[in-house]
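Some notes on the structure that comes next.
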Amino acid sequence: MKKIFLALLALVPLSMQAQNPAPANPQSKPIALTGATIHVGNGQVIENGIIVFDKGVITAVGGSATTFDRNATEVVNVAGKHIFPGLIAMGTTVGLQEVASVRATLDYQEVGDINPHVRALIAYNTDSEIIPTIRNTGVLMAQAVPQGGMVSGSSSVFNTDGWNWEDAVLRKDDGIWVNWPAFLARSFSQEDFSITIKRNEKRQEIINELRRHLVEAKAYAEEKAPSPMNLRLAAMKGLFDGSTNLYVRAGYAKDIVESIRFAQDLGVKKVVIVGGDEAYKVATYLKDNNVPVVLDPIHRLPTRADDDVYLPYEQPGRLHKAGVKVALSYNDEWWRTRNLAFLAGTAAGFGEINKEEALQLITLIPAQIMGVDKQVGSLEKGKLATLVVAKGDILDMRTNVVELAYIKGAQINLDDKHKRLYQKYKDKYGQDDLGK
(Lines give C-alpha, C1' and ligand atoms only; values in the text may rest on other atoms or scores of the structure.)
Protein backbone atom coordinates (compact mmCIF):
# COMPACT_ATOMS: atom_id res chain seq x y z
CA MET A 1 0.00 0.00 0.00
CA LYS A 2 2.84 2.35 0.85
CA LYS A 3 4.46 1.73 -2.53
CA ILE A 4 1.17 2.46 -4.31
CA PHE A 5 0.75 5.71 -2.37
CA LEU A 6 4.28 6.85 -3.22
CA ALA A 7 3.75 6.00 -6.87
CA LEU A 8 0.57 8.06 -6.98
CA LEU A 9 2.28 10.91 -5.16
CA ALA A 10 5.06 10.91 -7.72
CA LEU A 11 2.50 11.44 -10.49
CA VAL A 12 0.97 14.56 -8.91
CA PRO A 13 3.46 17.07 -10.34
CA LEU A 14 2.99 15.59 -13.82
CA SER A 15 -0.77 15.92 -13.65
CA MET A 16 -0.49 19.46 -12.36
CA GLN A 17 1.83 20.39 -15.22
CA ALA A 18 -0.76 19.16 -17.70
CA GLN A 19 -3.31 21.75 -16.56
CA ASN A 20 -3.77 25.25 -17.90
CA PRO A 21 -2.27 28.03 -15.78
CA ALA A 22 -4.68 29.61 -13.31
CA PRO A 23 -6.31 32.88 -14.39
CA ALA A 24 -4.47 36.01 -13.36
CA ASN A 25 -5.33 37.90 -10.19
CA PRO A 26 -6.78 41.41 -10.68
CA GLN A 27 -4.29 44.26 -10.92
CA SER A 28 -3.29 45.30 -7.39
CA LYS A 29 -1.20 48.44 -8.01
CA PRO A 30 -0.45 50.89 -10.82
CA ILE A 31 1.96 49.62 -13.48
CA ALA A 32 4.05 51.61 -15.95
CA LEU A 33 5.73 50.05 -18.95
CA THR A 34 8.57 52.28 -20.09
CA GLY A 35 11.01 52.56 -22.98
CA ALA A 36 9.15 50.53 -25.59
CA THR A 37 7.83 51.43 -29.02
CA ILE A 38 4.06 51.72 -28.54
CA HIS A 39 1.82 50.82 -31.48
CA VAL A 40 -1.37 52.54 -30.37
CA GLY A 41 -3.59 50.70 -32.84
CA ASN A 42 -5.06 53.76 -34.55
CA GLY A 43 -2.05 54.29 -36.81
CA GLN A 44 -0.01 56.22 -34.25
CA VAL A 45 3.42 54.95 -33.16
CA ILE A 46 5.20 56.33 -30.09
CA GLU A 47 8.95 55.76 -29.85
CA ASN A 48 10.47 55.38 -26.37
CA GLY A 49 6.97 55.51 -24.98
CA ILE A 50 5.34 55.05 -21.59
CA ILE A 51 1.99 53.44 -20.87
CA VAL A 52 0.51 53.52 -17.38
CA PHE A 53 -2.52 51.57 -16.16
CA ASP A 54 -4.31 51.12 -12.85
CA LYS A 55 -7.28 48.95 -11.82
CA GLY A 56 -7.30 47.51 -15.32
CA VAL A 57 -7.68 50.85 -17.11
CA ILE A 58 -5.08 52.86 -19.05
CA THR A 59 -4.38 56.14 -17.26
CA ALA A 60 -1.65 57.58 -19.48
CA VAL A 61 -0.01 56.91 -22.86
CA GLY A 62 2.74 59.03 -24.32
CA GLY A 63 6.41 59.68 -24.92
CA SER A 64 9.28 59.63 -22.48
CA ALA A 65 8.08 62.91 -20.92
CA THR A 66 4.85 61.30 -19.66
CA THR A 67 4.55 61.91 -15.93
CA PHE A 68 3.24 59.53 -13.25
CA ASP A 69 3.77 58.84 -9.57
CA ARG A 70 6.88 56.65 -9.62
CA ASN A 71 6.74 56.03 -5.87
CA ALA A 72 3.30 54.40 -6.06
CA THR A 73 3.79 52.66 -9.40
CA GLU A 74 5.50 49.42 -10.37
CA VAL A 75 7.84 50.44 -13.18
CA VAL A 76 8.70 47.77 -15.75
CA ASN A 77 11.52 48.65 -18.13
CA VAL A 78 10.74 47.16 -21.55
CA ALA A 79 13.26 49.20 -23.55
CA GLY A 80 13.77 47.83 -27.05
CA LYS A 81 10.46 45.95 -27.00
CA HIS A 82 7.18 46.71 -28.78
CA ILE A 83 3.76 47.17 -27.16
CA PHE A 84 0.58 46.36 -29.09
CA PRO A 85 -3.13 46.26 -28.28
CA GLY A 86 -4.39 42.74 -27.60
CA LEU A 87 -5.32 41.09 -30.89
CA ILE A 88 -8.97 40.19 -31.52
CA ALA A 89 -10.02 36.98 -33.27
CA MET A 90 -13.46 37.27 -34.85
CA GLY A 91 -15.70 34.45 -35.98
CA THR A 92 -13.95 31.64 -34.08
CA THR A 93 -15.00 28.43 -32.37
CA VAL A 94 -12.24 28.81 -29.78
CA GLY A 95 -13.73 27.79 -26.45
CA LEU A 96 -16.52 25.87 -28.19
CA GLN A 97 -14.44 23.23 -29.91
CA GLU A 98 -11.50 21.24 -28.59
CA VAL A 99 -10.72 17.89 -30.26
CA ALA A 100 -12.41 17.43 -33.63
CA SER A 101 -12.58 13.64 -33.31
CA VAL A 102 -14.04 13.66 -29.79
CA ARG A 103 -17.71 14.58 -29.94
CA ALA A 104 -17.94 15.30 -26.22
CA THR A 105 -15.56 18.26 -26.68
CA LEU A 106 -17.63 19.87 -29.44
CA ASP A 107 -20.28 22.40 -28.45
CA TYR A 108 -20.50 24.75 -31.41
CA GLN A 109 -23.64 23.58 -33.23
CA GLU A 110 -27.21 22.87 -32.16
CA VAL A 111 -29.80 20.60 -33.76
CA GLY A 112 -32.20 22.33 -36.15
CA ASP A 113 -32.01 25.07 -38.78
CA ILE A 114 -33.42 28.12 -36.96
CA ASN A 115 -31.60 28.68 -33.67
CA PRO A 116 -31.24 32.42 -32.94
CA HIS A 117 -31.76 31.69 -29.23
CA VAL A 118 -28.69 29.43 -29.03
CA ARG A 119 -25.96 31.34 -27.20
CA ALA A 120 -22.23 30.73 -27.52
CA LEU A 121 -22.03 32.65 -24.25
CA ILE A 122 -22.88 29.80 -21.91
CA ALA A 123 -21.02 27.15 -23.92
CA TYR A 124 -17.64 28.91 -23.78
CA ASN A 125 -15.06 26.68 -22.08
CA THR A 126 -12.37 28.69 -20.29
CA ASP A 127 -10.44 25.47 -19.57
CA SER A 128 -9.74 24.86 -23.25
CA GLU A 129 -6.06 24.06 -23.84
CA ILE A 130 -6.23 26.02 -27.09
CA ILE A 131 -6.86 29.35 -25.35
CA PRO A 132 -3.38 29.67 -23.76
CA THR A 133 -1.75 28.87 -27.12
CA ILE A 134 -3.44 31.79 -28.87
CA ARG A 135 -2.48 34.18 -26.05
CA ASN A 136 1.15 33.43 -26.82
CA THR A 137 0.91 35.10 -30.21
CA GLY A 138 -0.98 38.12 -28.87
CA VAL A 139 -4.63 37.06 -29.26
CA LEU A 140 -6.20 38.30 -26.02
CA MET A 141 -9.85 38.42 -27.15
CA ALA A 142 -11.99 36.06 -29.21
CA GLN A 143 -15.52 36.13 -30.57
CA ALA A 144 -17.04 32.69 -29.98
CA VAL A 145 -19.52 31.87 -32.74
CA PRO A 146 -22.04 29.03 -33.19
CA GLN A 147 -22.10 27.16 -36.51
CA GLY A 148 -24.52 25.33 -38.77
CA GLY A 149 -28.15 25.65 -39.79
CA MET A 150 -29.84 28.60 -41.44
CA VAL A 151 -29.66 30.76 -38.31
CA SER A 152 -26.77 29.49 -36.18
CA GLY A 153 -27.29 31.50 -33.00
CA SER A 154 -25.75 34.35 -31.06
CA SER A 155 -22.04 35.10 -30.62
CA SER A 156 -20.29 36.71 -27.65
CA VAL A 157 -16.90 38.34 -27.15
CA PHE A 158 -14.50 36.94 -24.55
CA ASN A 159 -11.18 37.75 -22.97
CA THR A 160 -8.84 34.77 -23.23
CA ASP A 161 -8.48 34.54 -19.45
CA GLY A 162 -10.98 33.77 -16.72
CA TRP A 163 -12.24 31.08 -14.36
CA ASN A 164 -15.52 30.73 -16.23
CA TRP A 165 -17.52 32.42 -18.96
CA GLU A 166 -18.91 34.96 -16.50
CA ASP A 167 -15.35 36.10 -15.71
CA ALA A 168 -14.14 36.02 -19.31
CA VAL A 169 -17.00 37.68 -21.19
CA LEU A 170 -16.35 41.14 -22.62
CA ARG A 171 -19.66 41.56 -24.46
CA LYS A 172 -22.68 39.27 -24.36
CA ASP A 173 -24.70 38.41 -27.45
CA ASP A 174 -23.17 40.90 -29.88
CA GLY A 175 -24.93 39.47 -32.94
CA ILE A 176 -26.96 36.78 -34.71
CA TRP A 177 -25.28 34.58 -37.34
CA VAL A 178 -27.00 33.59 -40.58
CA ASN A 179 -25.79 31.26 -43.36
CA TRP A 180 -26.97 32.85 -46.60
CA PRO A 181 -27.80 30.24 -49.28
CA ALA A 182 -25.21 30.52 -52.04
CA PHE A 183 -26.27 31.17 -55.64
CA LEU A 184 -23.94 28.36 -56.72
CA ALA A 185 -23.68 25.08 -54.85
CA ARG A 186 -20.52 22.99 -54.71
CA SER A 187 -20.45 19.22 -54.45
CA PHE A 188 -17.41 17.03 -53.86
CA SER A 189 -17.04 13.51 -55.27
CA GLN A 190 -15.34 10.99 -53.01
CA GLU A 191 -14.77 8.70 -56.00
CA ASP A 192 -12.63 10.91 -58.22
CA PHE A 193 -12.12 13.92 -55.88
CA SER A 194 -13.72 16.25 -58.38
CA ILE A 195 -15.70 19.39 -57.53
CA THR A 196 -18.94 20.13 -59.35
CA ILE A 197 -20.47 23.62 -59.30
CA LYS A 198 -24.10 24.12 -60.24
CA ARG A 199 -26.95 26.48 -59.46
CA ASN A 200 -28.48 26.04 -56.01
CA GLU A 201 -32.04 24.94 -56.76
CA LYS A 202 -33.17 25.24 -53.12
CA ARG A 203 -31.88 28.78 -52.69
CA GLN A 204 -35.16 30.69 -53.04
CA GLU A 205 -36.97 28.27 -50.77
CA ILE A 206 -34.41 28.88 -48.02
CA ILE A 207 -34.56 32.66 -48.50
CA ASN A 208 -38.35 32.61 -48.24
CA GLU A 209 -38.14 30.63 -45.00
CA LEU A 210 -35.58 33.04 -43.59
CA ARG A 211 -37.75 36.00 -44.58
CA ARG A 212 -40.76 34.51 -42.77
CA HIS A 213 -38.81 34.17 -39.53
CA LEU A 214 -37.38 37.68 -39.70
CA VAL A 215 -40.80 39.20 -40.45
CA GLU A 216 -42.18 37.42 -37.39
CA ALA A 217 -39.20 38.59 -35.32
CA LYS A 218 -39.73 42.21 -36.38
CA ALA A 219 -43.42 42.08 -35.46
CA TYR A 220 -42.54 40.49 -32.14
CA ALA A 221 -39.94 43.20 -31.46
CA GLU A 222 -42.61 45.88 -31.90
CA GLU A 223 -44.69 44.40 -29.09
CA LYS A 224 -43.98 46.14 -25.78
CA ALA A 225 -44.86 43.18 -23.57
CA PRO A 226 -45.35 40.06 -25.71
CA SER A 227 -46.99 37.14 -24.00
CA PRO A 228 -46.25 34.30 -24.04
CA MET A 229 -42.54 34.85 -24.58
CA ASN A 230 -40.98 33.34 -27.69
CA LEU A 231 -37.26 32.74 -27.12
CA ARG A 232 -36.39 32.46 -30.81
CA LEU A 233 -38.06 35.71 -31.74
CA ALA A 234 -36.90 37.55 -28.61
CA ALA A 235 -33.28 36.69 -29.43
CA MET A 236 -33.54 38.66 -32.70
CA LYS A 237 -35.04 41.81 -31.19
CA GLY A 238 -31.69 43.64 -31.16
CA LEU A 239 -31.43 43.38 -34.95
CA PHE A 240 -34.21 45.93 -35.36
CA ASP A 241 -33.08 48.53 -32.82
CA GLY A 242 -29.39 48.41 -33.79
CA SER A 243 -28.11 46.96 -30.52
CA THR A 244 -26.81 43.79 -32.20
CA ASN A 245 -25.33 42.87 -35.57
CA LEU A 246 -26.65 40.52 -38.21
CA TYR A 247 -23.61 38.52 -39.33
CA VAL A 248 -24.28 37.04 -42.78
CA ARG A 249 -21.99 34.35 -44.14
CA ALA A 250 -21.80 35.04 -47.88
CA GLY A 251 -19.04 34.71 -50.46
CA TYR A 252 -20.19 35.43 -54.00
CA ALA A 253 -20.71 39.07 -55.01
CA LYS A 254 -24.34 38.36 -55.96
CA ASP A 255 -25.01 36.77 -52.57
CA ILE A 256 -23.36 39.66 -50.72
CA VAL A 257 -25.49 42.31 -52.42
CA GLU A 258 -28.74 40.34 -52.20
CA SER A 259 -28.28 39.47 -48.52
CA ILE A 260 -27.65 43.11 -47.61
CA ARG A 261 -30.73 44.29 -49.51
CA PHE A 262 -32.75 41.50 -47.95
CA ALA A 263 -31.75 42.54 -44.41
CA GLN A 264 -32.28 46.24 -45.06
CA ASP A 265 -35.74 45.66 -46.54
CA LEU A 266 -36.72 43.88 -43.32
CA GLY A 267 -35.47 46.72 -41.11
CA VAL A 268 -32.20 45.20 -39.86
CA LYS A 269 -30.00 48.10 -38.73
CA LYS A 270 -26.48 46.61 -38.79
CA VAL A 271 -25.28 44.01 -41.29
CA VAL A 272 -21.80 42.45 -41.36
CA ILE A 273 -20.65 40.21 -44.22
CA VAL A 274 -18.55 37.22 -43.17
CA GLY A 275 -16.45 35.25 -45.65
CA GLY A 276 -16.58 37.74 -48.50
CA ASP A 277 -14.55 35.88 -51.14
CA GLU A 278 -15.76 38.32 -53.80
CA ALA A 279 -16.22 41.36 -51.58
CA TYR A 280 -13.66 43.27 -53.66
CA LYS A 281 -16.07 43.16 -56.60
CA VAL A 282 -18.72 45.11 -54.66
CA ALA A 283 -16.44 47.27 -52.51
CA THR A 284 -18.20 50.51 -53.51
CA TYR A 285 -21.59 49.05 -52.60
CA LEU A 286 -20.27 47.89 -49.22
CA LYS A 287 -18.82 51.32 -48.47
CA ASP A 288 -21.97 53.18 -49.54
CA ASN A 289 -24.08 50.97 -47.29
CA ASN A 290 -21.59 51.08 -44.39
CA VAL A 291 -21.33 47.28 -44.28
CA PRO A 292 -18.13 45.83 -42.74
CA VAL A 293 -16.55 42.59 -43.94
CA VAL A 294 -14.92 39.84 -41.89
CA LEU A 295 -12.77 37.90 -44.34
CA ASP A 296 -12.15 34.17 -44.19
CA PRO A 297 -8.50 33.03 -43.84
CA ILE A 298 -6.36 34.58 -46.58
CA HIS A 299 -3.59 31.97 -46.34
CA ARG A 300 -5.11 29.89 -49.13
CA LEU A 301 -5.51 29.58 -52.88
CA PRO A 302 -8.16 31.68 -54.67
CA THR A 303 -11.67 30.27 -54.88
CA ARG A 304 -11.73 30.37 -58.69
CA ALA A 305 -9.07 28.67 -60.77
CA ASP A 306 -8.66 31.69 -63.07
CA ASP A 307 -8.19 34.26 -60.28
CA ASP A 308 -4.85 35.87 -59.52
CA VAL A 309 -3.01 33.56 -57.14
CA TYR A 310 -2.28 36.49 -54.81
CA LEU A 311 -5.89 37.69 -54.70
CA PRO A 312 -6.67 36.43 -51.16
CA TYR A 313 -3.54 38.20 -49.88
CA GLU A 314 -4.39 41.45 -51.63
CA GLN A 315 -8.10 41.65 -50.88
CA PRO A 316 -7.82 43.13 -47.33
CA GLY A 317 -5.77 46.02 -48.70
CA ARG A 318 -8.14 46.59 -51.61
CA LEU A 319 -11.17 46.75 -49.33
CA HIS A 320 -9.39 48.96 -46.78
CA LYS A 321 -8.33 51.43 -49.47
CA ALA A 322 -11.88 51.45 -50.83
CA GLY A 323 -13.13 52.66 -47.45
CA VAL A 324 -14.65 49.37 -46.29
CA LYS A 325 -14.17 48.31 -42.67
CA VAL A 326 -12.47 44.95 -42.95
CA ALA A 327 -11.34 42.47 -40.31
CA LEU A 328 -9.39 39.23 -40.62
CA SER A 329 -10.31 35.88 -39.13
CA TYR A 330 -9.58 32.17 -39.16
CA ASN A 331 -13.30 31.41 -39.15
CA ASP A 332 -13.95 28.02 -37.55
CA GLU A 333 -10.35 26.88 -37.92
CA TRP A 334 -9.92 27.20 -34.18
CA TRP A 335 -6.57 25.40 -34.05
CA ARG A 336 -5.01 27.99 -36.42
CA THR A 337 -6.24 31.08 -34.56
CA ARG A 338 -2.80 31.43 -32.96
CA ASN A 339 -1.56 32.52 -36.42
CA LEU A 340 -4.00 35.44 -36.70
CA ALA A 341 -1.26 38.08 -36.54
CA PHE A 342 0.42 36.60 -39.60
CA LEU A 343 -2.70 37.10 -41.70
CA ALA A 344 -2.31 40.83 -41.08
CA GLY A 345 1.41 40.55 -41.85
CA THR A 346 0.61 38.95 -45.20
CA ALA A 347 -1.99 41.64 -45.94
CA ALA A 348 0.65 44.30 -45.31
CA GLY A 349 3.21 42.50 -47.48
CA PHE A 350 0.96 41.99 -50.50
CA GLY A 351 -1.64 44.73 -50.17
CA GLU A 352 -1.74 48.49 -50.46
CA ILE A 353 -1.60 49.05 -46.70
CA ASN A 354 1.23 49.57 -44.26
CA LYS A 355 1.83 47.57 -41.09
CA GLU A 356 0.02 49.99 -38.81
CA GLU A 357 -3.06 49.85 -41.03
CA ALA A 358 -2.78 46.05 -41.16
CA LEU A 359 -2.62 45.94 -37.35
CA GLN A 360 -6.01 47.65 -37.23
CA LEU A 361 -7.54 44.72 -39.16
CA ILE A 362 -7.07 42.55 -36.06
CA THR A 363 -7.45 45.16 -33.32
CA LEU A 364 -9.41 48.41 -33.69
CA ILE A 365 -11.66 47.48 -36.62
CA PRO A 366 -12.89 44.20 -35.09
CA ALA A 367 -13.56 46.12 -31.88
CA GLN A 368 -15.59 48.70 -33.82
CA ILE A 369 -17.57 46.02 -35.66
CA MET A 370 -18.48 44.23 -32.42
CA GLY A 371 -19.19 47.43 -30.49
CA VAL A 372 -16.39 47.10 -27.94
CA ASP A 373 -14.09 49.83 -29.29
CA LYS A 374 -14.70 52.04 -26.25
CA GLN A 375 -13.07 49.31 -24.16
CA VAL A 376 -10.43 47.70 -26.37
CA GLY A 377 -8.86 47.80 -29.82
CA SER A 378 -6.34 50.58 -29.24
CA LEU A 379 -4.10 51.80 -26.44
CA GLU A 380 -5.78 55.03 -25.38
CA LYS A 381 -6.50 56.63 -22.03
CA GLY A 382 -9.70 55.31 -20.49
CA LYS A 383 -9.66 51.98 -22.32
CA LEU A 384 -8.93 48.62 -20.74
CA ALA A 385 -5.26 47.73 -20.30
CA THR A 386 -5.41 44.69 -22.58
CA LEU A 387 -2.06 44.62 -24.33
CA VAL A 388 1.02 42.61 -25.21
CA VAL A 389 4.75 43.28 -25.03
CA ALA A 390 6.61 41.57 -27.88
CA LYS A 391 10.24 41.20 -28.80
CA GLY A 392 9.63 42.75 -32.22
CA ASP A 393 6.99 43.11 -34.92
CA ILE A 394 3.96 41.09 -33.82
CA LEU A 395 2.89 40.65 -37.47
CA ASP A 396 6.16 38.87 -38.33
CA MET A 397 6.45 35.21 -37.28
CA ARG A 398 10.20 35.64 -36.78
CA THR A 399 9.82 38.32 -34.13
CA ASN A 400 6.33 37.57 -32.78
CA VAL A 401 7.70 36.60 -29.39
CA VAL A 402 5.23 37.70 -26.72
CA GLU A 403 7.11 38.31 -23.48
CA LEU A 404 4.37 39.94 -21.39
CA ALA A 405 0.59 40.03 -21.71
CA TYR A 406 -1.99 41.93 -19.67
CA ILE A 407 -5.76 41.52 -19.76
CA LYS A 408 -7.58 44.31 -17.93
CA GLY A 409 -4.28 45.14 -16.25
CA ALA A 410 -3.73 41.63 -14.89
CA GLN A 411 -0.50 39.96 -15.97
CA ILE A 412 -1.21 36.67 -17.74
CA ASN A 413 0.75 33.46 -17.24
CA LEU A 414 2.07 32.63 -20.72
CA ASP A 415 2.60 28.93 -20.12
CA ASP A 416 0.78 26.59 -22.51
CA LYS A 417 0.74 23.02 -23.83
CA HIS A 418 2.95 23.89 -26.79
CA LYS A 419 5.69 25.24 -24.56
CA ARG A 420 5.49 22.26 -22.22
CA LEU A 421 5.76 19.78 -25.07
CA TYR A 422 8.64 21.74 -26.60
CA GLN A 423 10.54 21.65 -23.32
CA LYS A 424 9.71 17.99 -22.75
CA TYR A 425 11.20 16.81 -26.03
CA LYS A 426 14.00 19.34 -25.96
CA ASP A 427 15.08 17.79 -22.67
CA LYS A 428 14.66 14.28 -24.07
CA TYR A 429 16.74 14.73 -27.19
CA GLY A 430 19.10 17.22 -25.65
CA GLN A 431 20.52 14.81 -23.08
CA ASP A 432 23.00 11.98 -23.53
CA ASP A 433 21.62 8.47 -23.82
CA LEU A 434 22.93 6.93 -20.59
CA GLY A 435 21.62 3.54 -21.63
CA LYS A 436 24.22 3.04 -24.35
Side-chain angles (χ1 to χ4, degrees), residues 88-92 116 143 145 150-152 154-155 157 171 173-183 203 206-207 210-211 214 217-218 236-298 303 311-312 314-329 331 343-344 347 351-353 357-358 360-373 377:
I88 303 173
M90 290 192 68
T92 75
Q143 181 193 38
V145 176
M150 188 188 308
V151 181
S152 305
S154 174
S155 59
V157 189
R171 184 183 176 189
D173 303 319
D174 68 290
I176 301 292
W177 288 68
V178 168
N179 292 305
W180 187 258
F183 179 74
R203 183 171 184 266
I206 296 172
I207 292 175
L210 184 58
R211 179 184 298 276
L214 283 174
K218 184 179 181 181
M236 293 190 277
K237 185 175 181 179
L239 299 178
F240 306 102
D241 62 17
S243 60
T244 58
N245 294 328
L246 178 65
Y247 295 97
V248 181
R249 295 185 177 101
Y252 293 114
K254 177 180 177 64
D255 294 333
I256 291 171
V257 172
E258 286 192 358
S259 63
I260 294 171
R261 288 176 176 170
F262 170 88
Q264 291 175 338
D265 288 345
L266 293 174
V268 175
K269 300 296 184 182
K270 296 180 180 178
V271 182
V272 179
I273 293 297
V274 180
D277 278 353
E278 295 185 353
Y280 67 96
K281 293 182 178 181
V282 290
T284 301
Y285 180 82
L286 291 166
K287 182 193 175 204
D288 291 345
N289 286 272
N290 194 29
V291 175
V293 176
V294 182
L295 292 175
D296 279 349
I298 64 173
T303 304
L311 176 60
E314 297 171 352
Q315 183 168 209
R318 291 189 188 183
L319 292 173
H320 185 74
K321 286 300 181 184
V324 179
K325 282 187 178 179
V326 57
L328 302 178
S329 82
N331 201 345
L343 295 182
E352 301 176 5
I353 55 176
E357 290 174 314
Q360 294 179 51
L361 307 185
I362 51 175
T363 54
L364 184 58
I365 294 175
Q368 291 172 342
I369 293 173
M370 297 185 293
V372 293
D373 53 303

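Here the structure is a predicted model, which is why all the values come from computation and not from measurement. All values below were derived from every heavy atom in this structure, side-chain atoms included, with hydrogens, water molecules and symmetry-related copies excluded.
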Q.
Checking Phe262 against Leu210 for the side-chain contact (heavy atoms from CB on, under 4.5 Å) test, could you report, in this order, the C-alpha distance in whole Å, the side-chain angles of both residues, the deciding distance, and whether it holds?
A. CA-CA 10 Å; Phe262 170 88; Leu210 184 58; 4.0 Å; yes

Could you state the interatomic distance from [atom1] ([X]) to [atom2] ([Y]), rounded to the nearest 0.5 Å?
| X | Y | atom1 | atom2 | result |
| --- | --- | --- | --- | --- |
| Tyr247 | Ile273 | OH | CD1 | 12.0 Å |
| Glu258 | Trp180 | CD | CH2 | 6.5 Å |
| Ile369 | Lys270 | CD1 | NZ | 11.5 Å |
| Ser155 | Arg171 | OG | CZ | 8.5 Å |
| Leu328 | Met90 | CG | CE | 10.5 Å |
| Met370 | Thr244 | CE | OG1 | 14.0 Å |

How close do [X] and [Y] get, counting heavy atoms only, and between which atoms?
| X | Y | value |
| --- | --- | --- |
| Ile353 | Gly317 | CG2-CA, 4.0 Å |
| Ile298 | Leu343 | CD1-O, 3.4 Å |
| Asn331 | Pro297 | CB-CD, 4.1 Å |
| Asp241 | Ser243 | OD1-OG, 2.7 Å |
| Phe240 | Lys269 | O-CE, 3.4 Å |
| Ala327 | Ile365 | N-CG2, 4.4 Å |

**Q.** Residue among Ile206, Asn179, Ile207 satisfying side chain to side chain contact (heavy atoms under 4.5 Å, CB included) with Met150
**A.**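 Of the listed residues Ile206, Asn179, Ile207, the side chain to side chain contact (heavy atoms under 4.5 Å, CB included) partner of Met150 is Ile206.
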
Q: Verify, without hydrogens or angle tests, whether Gln143 (side chain) and Gly91 (backbone) share a donor-acceptor contact under 3.5 angstrom.
A: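 Checked: pair present.
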
**Q.** Under 3.5 Å donor-acceptor, Ser329 side chain and Leu295 backbone
**A.** yes

Q: Applying side-chain contact (heavy atoms from CB on, under 4.5 Å), run through Leu239 and Leu214 and close with a yes or a no.
A: CA-CA 10 Å; Leu239 299 178; Leu214 283 174; 4.2 Å; yes

Q) Which residues satisfy the salt bridge (Lys or Arg N to Asp or Glu O under 4.0 Å) test with Lys321, sequence neighbours excluded? A) Glu357

**Q.** side-chain contact (heavy atoms from CB on, under 4.5 Å) evaluation trace for Leu286 with Ile256
**A.** CA-CA 9 Å; Leu286 291 166; Ile256 291 171; 3.9 Å; yes

Q. Could you walk me through whether Gln315 and Val293 pass the side-chain contact (heavy atoms from CB on, under 4.5 Å) check?
A. CA-CA 11 Å; Gln315 183 168 209; Val293 176; over 6 Å; no

Q: Take atom CG of Asn290 as the centre, draw a 6.0 Å sphere, and report whether it contains more than 12 heavy atoms from other residues, nucleotides or ligands.
A: no

Q: Could you tell me whether Asp255 and Arg203 make a salt bridge, using a distance below 4.0 angstrom between a side-chain N and a carboxylate O?
A: yes

